[in-house]
Amino acid sequence: MSDRTLLLVGSVPLDSAEDVFRSFGQPLGRYLRYLPDGEVGLRRHWISRIHYQVLALHPDIKVTRQPALDEGRERLHPRDPGDSWKFRVKTGVKKIRFGESGWRLGYARDAVNSYFVFRTLRERGILAQHLRFQVSIASPNSIVPPRVVDDIQDLQIIREGIEEALASELIEIGARIPETDLAIQWDCATEVQDAYGAAPPLPREGGIERSADQMRRLAPLVPAGASLGFHFCF
């Protein structure tokens with residue numbers, strides 16, 4: 001292992017960022033360049049937390065399906081794609097905007113809190129000094145896949161709102177975490193499906209451009225000194 005570099009893509013479902021840093025960053029630090037805080041707490045189920053914490057609460061968005069109850073108890077996370085949250089934009093709404101700019105989606109909030117733990121452990125010598133803090137962010141197209149929206153026009157309206165909110169979160173992250181300590185990783189799942197024509201009702205044509213366009217708009221907001229990468233997954 002001495003001549004190899006490892007990459008943790010982010011999916012470490014422990015209870016806290018400190019657990020992730022101590023369990024993986026401490027023993028693997030010399031093989032890593034970047035260290036994520038895992039997918040802890042409500043982030044353990046990736047994008048579904050945004051569905052019930054953000055989309056389901058928006059006054060211009062209507063919930064048309066949510067995960068079935070578990071013996072009478074609410075269920076927040078889907079069992080499978082057929083049990084997922086589903087939404088539509090209310091009649092007459094042409095633009096979706098989210099409040100609490102820079103914080104509403106939770107990426108900046110979690111990154112700032114986890115970075116404090118990361119920096120503290122590094123200062124104490126528990127983490128290697130060369131490590132950068134990795135922030136893993138789902139792309140707008142993956143946060144809102146076609147399967148969670150009733151209508152293709154609504155899909156575009158909600159995606160545009162999410163992209164605007166993500167742009168604000170990137171700016172907040174860049175303002176609060178030194179760029180020389182920062183690595184941004186875009187998590188892309190729907191993009192892979194779309195590229196192969198497997199994201200109905202989106203047409204098979206144009207899948208790669210739909211994915212690339214969002215990144216062309218967001219990429220300039222990543223601090224120049226930060227590392228940037230992509231995680232393509234199903």
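- Checking D154 against Q156 by side-chain atom types alone, no donor-acceptor pair falls below 3.5 Å.
- Judged by distance alone, with hydrogens and angles left aside, the side-chain atoms of R147 form no donor-acceptor pair with the main-chain N or O of P200 at under 3.5 Å.
- Checked by atom type and distance alone, the side chain of R204 never pairs as donor or acceptor with a backbone atom of A195 at under 3.5 Å.
- Note on D60 versus K95: no salt bridge recorded, every NZ/NE/NH1/NH2 to OD/OE distance being 4.0 Å or above.
- Judged by distance alone, the side chains of Q134 and S136 do bring a donor and an acceptor atom under 3.5 Å apart.
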Exercise for review: Take S84 and V148 through the test side-chain contact (heavy atoms from CB on, under 4.5 Å) and record every step on the way to the result.
Suggested key: CA-CA 7 Å; S84 69; V148 305; 4.2 Å; yes
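- Listed for the S114 side chain is no donor-acceptor partner under 3.5 Å among the backbone atoms of D37.
- Relative ring orientation between F133 and F21 is described as perpendicular, the plane-to-plane angle rising above 60° on a 0-90° scale split at 30° and 60°.
- Distance NZ/K94 to CD1/I157: 6.5 Å, rounded to 0.5 Å.
- In I208, the CD1 atom is not crowded: 12 or fewer heavy atoms of neighbouring residues, nucleotides or ligands sit closer than 6.0 Å.
- In this structure, E164 does not pair ionically with R217, as no charged nitrogen and carboxylate oxygen lie closer than 4.0 Å.
- In this structure, the side chain of R159 engages the main chain of N141 through a donor-acceptor pair within 3.5 Å.
- With D181 as reference, R122 is the one residue of R119, R33, R122 to meet the salt bridge (Lys or Arg N to Asp or Glu O under 4.0 Å) rule.
- Panel note: side chain R49, backbone L105; a donor-acceptor pair is recorded below 3.5 Å.
- Looking at heavy atoms from C-beta onward, R75 lies out of side-chain contact with L69 at the 4.5 angstrom threshold.
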Exercise for review: Take C188 and M215, measure what side-chain contact (heavy atoms from CB on, under 4.5 Å) needs, and give me the verdict at the end.
Suggested key: CA-CA 11 Å; C188 303; M215 292 306 163; 4.3 Å; yes
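- Note that CD of E191 is 9.0 Å distant from SG of C233, once rounded to the nearest 0.5 Å.
- To the nearest 0.5 Å, the span separating CG on L127 from NE2 on H130 amounts to 10.0 Å.
- Checked by atom type and distance alone, the side chain of S48 never pairs as donor or acceptor with a backbone atom of H77 at under 3.5 Å.
- Within a 6.0 Å radius of CZ in R97, no more than 12 heavy atoms belonging to other residues, nucleotides or ligands are found.
- Judged by distance alone, the side chain of D83 and the main-chain N or O of A68 form a donor-acceptor pair under 3.5 Å.
- D187 contributes atom CG, which lies 7.0 Å from atom OG of S11 (distance to the nearest 0.5 angstrom).
- A distance-only check finds a donor-acceptor pair linking the side chain of H51 to the backbone of I143 [under 3.5 Å].
- The 12-atom threshold is not exceeded at CD of E100, counting heavy atoms of other residues, nucleotides or ligands nearer than 6.0 Å.
- To the nearest 0.5 Å, atom CZ of residue R176 and atom CZ of residue F116 are 14.0 Å apart.
- K86 NZ: more than 12 foreign heavy atoms inside a 6.0 Å radius.
- Within 6.0 Å of CZ in R216 there are more than 12 heavy atoms belonging to other residues, nucleotides or ligands.
- Judged purely by atom type and a 3.5 angstrom limit, Q66 has no side-chain atom pairing as donor or acceptor with the backbone of W85.
- Closest approach of F24 to V12, counting heavy atoms only: CE1-CG1, 3.4 Å.
- The local environment of CD in Q153 is sparse, with at most 12 non-hydrogen atoms from other residues, nucleotides or ligands closer than 6.0 Å.
- We find the OH-CG distance between Y34 and L182 to be 10.5 Å, quoted to the nearest 0.5 Å.
- You'll find the ring centres of H58 and F87 outside the 6.0 Å limit.
- Taking both residues in full, the closest heavy atoms of L6 and L32 are given as O-CD2, 3.4 Å, listed atom of the first, atom of the second, then distance.
- The two atoms that bring S211 and Q214 nearest to each other are O-CG, 2.9 Å, heavy atoms only.
- Using a 4.0 Å cut-off between charged side-chain N and carboxylate O, R88 and D151 make no salt bridge.
- Inspection of the T64 and D150 side chains reveals an N or O donor paired with an N or O acceptor under 3.5 Å.
- Not a single donor-acceptor pair under 3.5 Å links the side chain of R109 to the backbone N or O of G102.
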